[in-house]
Amino acid sequence: MKIPSARLLPTITLEEASELTYYGSEVIHPFTTNQIRHANIPLRLKNVKNPTANGTIIYPSQSSGSSTPTALPNSHSPSPPAMIPNPVIYSFMSANGYYSLSQSRRIPTAITSKDSIVLINVQSNRESKSHGFLVNVFGTLDKLQAVADLITSSEQSVSLALSSLESEDSIRRVCEGLSGCGKVEIMREMAIVSVIGHKMRNMVGIAGQIFSTLASGGVNIYLIGQGASEINISLVVK
């Protein structure tokens, strides 16, 4: 889905680029992000229809060891040398809303979406331990080569959002396989909306703003996922 009011981002972090690519903005190949990380080189994304524009530049993360290690003067501590960031990159990132060496932000960077999502809820039908139930569920997915984009779980249930089920036959096979783990409920034609921003745990109240915005638009939320990476908040909606 194209958003007419979308604007160009002068820069994003490597971590944000990886999340945006996975959750719908299919601009960068995953192997490309590996080159940025390991070869310590920047990447500039350009619009082929407007090649003279500045585009978006992605620098290797300043907080992940990409800068040259430099020992602080008069330091006799056996601890590792301090990392001094590239001043040009640091200034450019700061001017575009990425503050301090951790590259924290005060507002989210971008929103992306992935359509044609199948949401599957599995309720355990036995009084087994949660780890045994989850092992059976994920073992079944692995056997059927079905990859879940988002997962939430409790003691006796798990919800899975999948984009890899492209046919009714594949949906049927997954549901039949999971039926051995418990009661299966399925919802079709869902979407994943992801709000991306570096170090989002520092954005106090951002989750409340997201929920209020969706509620004002009459959008129901069926699943919420926020990883420990602090990079994104993803929601399954319809």
Side-chain angles (χ1 to χ4, degrees), residues 1-68 83-117 147 149-150 161 163-164 166 191-203 206 209-210 213 225-237:
M1 180 176 61
K2 304 298 183 182
I3 306 299
S5 59
R7 61 182 179 82
L8 176 68
L9 294 170
T11 184
I12 56 176
T13 67
L14 179 58
E15 292 79 8
E16 289 172 333
S18 298
E19 293 291 315
L20 285 168
T21 297
Y22 184 79
Y23 284 107
S25 301
E26 300 173 351
V27 177
I28 310 172
H29 193 281
F31 289 158
T32 304
T33 60
N34 289 337
Q35 292 300 315
I36 301 173
R37 182 179 294 107
H38 298 301
N40 193 27
I41 56 176
L43 170 71
R44 187 180 293 275
L45 301 175
K46 303 281 281 187
N47 186 343
V48 294
K49 295 183 179 180
N50 186 15
T52 59
N54 289 331
T56 300
I57 189 164
I58 304 171
Y59 288 109
S61 297
Q62 295 291 287
S63 57
S64 62
S66 59
S67 301
T68 303
M83 304 301 297
I84 298 179
N86 182 308
V88 175
I89 298 176
Y90 184 84
S91 176
F92 179 74
M93 297 295 286
S94 297
N96 285 282
Y98 294 89
Y99 302 100
S100 76
L101 188 59
S102 67
Q103 297 179 333
S104 298
R105 285 185 62 80
R106 294 172 183 167
I107 58 173
T109 301
I111 299 174
T112 188
S113 66
K114 185 181 287 190
D115 299 324
S116 301
I117 298 296
V147 179
D149 295 77
L150 279 180
S163 62
S164 57
E166 299 179 351
I192 294 177
V193 176
S194 298
V195 180
I196 311 295
H198 203 88
K199 301 287 183 181
M200 284 214 298
R201 73 174 181 182
N202 297 322
M203 302 179 196
I206 184 62
Q209 294 178 38
I210 295 171
T213 301
Q226 181 176 18
S229 65
E230 310 169 26
I231 295 293
N232 85 58
I233 298 175
S234 293
L235 313 108
V236 175
V237 301

Under 3.5 Å donor-acceptor, Thr213 side chain and Gln209 backbone
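Yes: the side chain of Thr213 pairs with the backbone of Gln209.
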Which value, rounded to the nearest 0.5 Å, describes the distance between [X] atom [atom1] and [Y] atom [atom2]?
| X | Y | atom1 | atom2 | answer |
| --- | --- | --- | --- | --- |
| Thr56 | Leu8 | OG1 | CG | 4.5 Å |
| Ile57 | Thr11 | CD1 | OG1 | 6.5 Å |
| Ile28 | Gln35 | CD1 | CD | 13.0 Å |
| Ser18 | Asn34 | OG | CG | 8.0 Å |
| Ile58 | Ile36 | CD1 | CD1 | 5.0 Å |
| Tyr22 | Ile231 | OH | CD1 | 15.5 Å |

I'd like to check the side-chain hydrogen bond (donor to acceptor under 3.5 Å, both in side chains) partners of [X]; sequence neighbours left out, ordered by chain and number.
| X | answer |
| --- | --- |
| Ser194 | Ser234 |
| Thr112 | Ser25 |
| Ser163 | Asp149 |

Non-neighbouring partners of Ala95 that pass side-chain contact (heavy atoms from CB on, under 4.5 Å), sequence neighbours left out:
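side-chain contact (heavy atoms from CB on, under 4.5 Å) check on Ala95 returns nothing, list empty.
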Listed partners of Ala161 passing side-chain contact (heavy atoms from CB on, under 4.5 Å), at least two apart:
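Ala161: side-chain contact (heavy atoms from CB on, under 4.5 Å) contacts with Ile117, Leu119, Leu150, Ile192, Val236.
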Could you go through residues 44-51 and list every donor-acceptor pair under 3.5 Å that involves a side-chain atom there, pairing it with any protein atom two or more places apart or in another chain?
unit_1, atom_1, unit_2, atom_2, d
Arg44, NH1, Asn54, O, 2.8
Lys46, NZ, Pro51, O, 3.0
Lys46, NZ, Ala53, O, 2.3
Asn47, OD1, Lys49, N, 2.9
Asn50, OD1, Thr52, OG1, 3.4

Closest heavy-atom contact between [X] and [Y]?
| X | Y | result |
| --- | --- | --- |
| Leu20 | Ala110 | CD2-CB, 3.9 Å |
| Glu15 | His198 | OE1-CE1, 3.4 Å |
| Pro42 | Tyr59 | CB-CD2, 3.8 Å |

